[in-house]
There are 2 protein chains.
Amino acid sequence: MTVTGSRGRRERLRAETTTEIKKVALALMASGGPDAITLRAIAREMGMTANAIYGYFATRDDLVTTLINDVYTALADAVDAAWEAAPAADPAVRIEAWANAFRTWALVNPQGFRLIYGDPVPGYQAPEGGPAPDAARRVCTGLTALAAAAWPHAQHLYQDSAFDWSDFDPGLLDKVRPAFPDLPPAAVALALRIWGHLHGLVSLEVYGHLHTQTASPDKLFHEELAQLVQTLGIPRRR
Amino acid sequence: MTVTGSRGRRERLRAETTTEIKKVALALMASGGPDAITLRAIAREMGMTANAIYGYFATRDDLVTTLINDVYTALADAVDAAWEAAPAADPAVRIEAWANAFRTWALVNPQGFRLIYGDPVPGYQAPEGGPAPDAARRVCTGLTALAAAAWPHAQHLYQDSAFDWSDFDPGLLDKVRPAFPDLPPAAVALALRIWGHLHGLVSLEVYGHLHTQTASPDKLFHEELAQLVQTLGIPRRR
DNA sequence: GCAGAAACTATACGCCGTGAAGTTTTGATA
DNA sequence: TATCAAAACTTCACGGCGTATAGTTTCTGC
């Protein structure tokens, strides 16, 4: 056993190579879109043979799944951080912080957004349960926190909601219900609806469909947010 | 000149072959997703060589652009028809008809939805101005009709809208302003926001992201619609 | 020092879009 | 009706892709 430990050395090199593969793949994606993630291009960039990558990832889809996980986690980190940084006492500001962080992340990482939410790569087949179930649930849980913050003001809008706990994924509820014990199913539905609102505007923008119709997607998003807060009945401070 | 006209014959055969290429391409897409649209597969299906297709479409991207146009037009036809079929006197019903037609079309033609709104095909590069500007504008115009129907009830929500005619694409306004002369810019913004709401929920559903969280996307969409109509202040009949 | 494992390369197969060149089919004209 | 150019189509080729198989190098633990 040397100082670093000889068995540790191999593992360290292995981990470094794995990291480099992912780093190069993300760089290729950033410059050429998810389509540019090819084993041969990664290998070329690293001075290796394409087949060498098979020592680290069983298939290209495995690599892509890992990338989706990493990128989705980064998105979840970004929105969580924005949420935490905003004052808990002001739901309106907090919700806007979350939403703006979501959109900003998407505009800064458009290719990452496509990787997560679009068709990631030519023939990619997502594994069962989705490629990044944990990160997806983190985002959903964050959205539920939005809904929970709004719920005291908004609940009157959902008197006749037909939702039931059985309508939702148990894995999501395992995270959500302990965190917000008093929240009814309708609030989780509200969270998903808000997700839809934000995802729709952002994805139209990222995919260039909005830009064809308006030069001011910014205004649109901010007006959406203002209306959302207003519709939810959240009082504006000051 | 024969009965059919000899010059007409060549053109007719040509048109038929063109149609068949598109038909086969759409069939491949329906069964295997947009990725399955390959010149070689189409040719194989038609008993031709891949290169023969170059006599009809300059490149694969040209073919894809044409397909997007066709499919987007079919979507526009579907929502327009639903709108026209619903009673003009009842804005709530009409808006729900439009939205349900949009979602239903997407669920029946998920691959078409991906073709239009996602990354259509591996290396596809959309032409300038988008692949199907006319169909896109038809959908937007339809959305503006929704907003126009709601506007008498909803305008009080948009007192402090910062939108201006210059925020929108002139091509869109050319269609919209003559049709709805009294509509302010804020109403067009509302149309785009509604687009975002619907597109978000539908695309999350089509891409399988919703299904991971809820087993009842139907309920979610219908609740969204009910809330939308309510938020817009549209009176419910009966 | 050496066996064995781990990391990597070489070669090959079948997919893809597409360019260049050659062949067949077809329809108008002399 | 024979002819000839244009249109329709095929053949061959190139480089790119994922990946399977087999072979080679390099490192580690005894």
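Throughout, protein chains are lettered first and strands after them, A, B, ... in sequence-line order, and every chain is numbered starting at 1.
- Counting any heavy atom pair closer than 4.0 Å across all strands shown, A:Tyr56 reaches sugar-phosphate atoms only and no base atom.
- Closest approach to the A:Asn51 side chain among C:dT9, D:dA8, D:dC17 is made by C:dT9 (side chain taken as heavy atoms from C-beta onward).
- At whole-Å resolution of the value, CD in B:Glu16 and P in D:dA8 are 13 Å apart.
- If you measure from atom CZ of A:Phe57 to atom C1' of C:dC8, you get 16 Å, rounded to the nearest angstrom.
- Comment: B:Arg137 engages B:Asp169 in a salt bridge, judged by a side-chain N to carboxylate O separation of less than 4.0 angstrom.
- Under 4.0 angstrom from either OP1 or OP2 of D:dC9 there lies no side-chain N or O belonging to B:Tyr54.
- The nearest whole Å value for the distance from the CG atom in A:Leu13 to the C1' atom in D:dT26 is 12 Å.
- Listed pair A:Arg44 / D:dC17 meets the phosphate criterion, a side-chain N or O lying under 4.0 Å from OP1 or OP2.
- Here the P atom of nucleotide D:dA8 and the CE atom of B:Met46 are 13 Å apart, to the nearest Å.
- When heavy atoms are screened at a 4.0 angstrom cut-off, A:Thr17 is found touching no nucleic acid atom at all.
- Comment: B:Arg114 does not engage B:Asp119 in a salt bridge, judged by the lack of any side-chain N to carboxylate O separation of less than 4.0 angstrom.
- For A:Arg14, a side-chain nitrogen or oxygen approaches OP1 or OP2 of C:dA7 to under 4.0 Å.
- We find that B:Lys219 and A:Asp164 are not joined by a salt bridge, their nearest charged nitrogen and carboxylate oxygen being 4.0 Å or further apart.
- For A:His211, the NE2 atom sits in a loose shell: 12 or fewer heavy atoms of surrounding residues, nucleotides or ligands are nearer than 6.0 Å.
- As a whole-Å value, the separation of B:Glu11 CD from C:dA28 P is 10 Å.
- Aromatic ring pairs are classed by plane angle as parallel below 30°, tilted from 30° to 60° and perpendicular above 60°; the pair B:Phe113 and B:Tyr117 is tilted.
- Nucleotide D:dC17 holds its P atom 16 Å from the CG atom of A:Asp61, rounded to whole Å.
- Distance CG (A:Leu39) to C1' (C:dC15): 15 Å, rounded to an integer number of Å.
- Proximity of A:Thr49 to the phosphate of C:dC8: no side-chain N or O atom is located under 4.0 Å from OP1 or OP2.
- The residue among B:Arg40 and B:Ala50 whose nearest nucleotide of DNA chain D lies closer to the 5′ end is B:Ala50.
- When distances are taken from the side chain of A:Ala41 to each of D:dT19, C:dT18, D:dC17, the shortest belongs to D:dC17.
- Going from atom CD1 of A:Ile42 over to atom C1' of D:dT19 covers 14 Å, rounded to whole Å.
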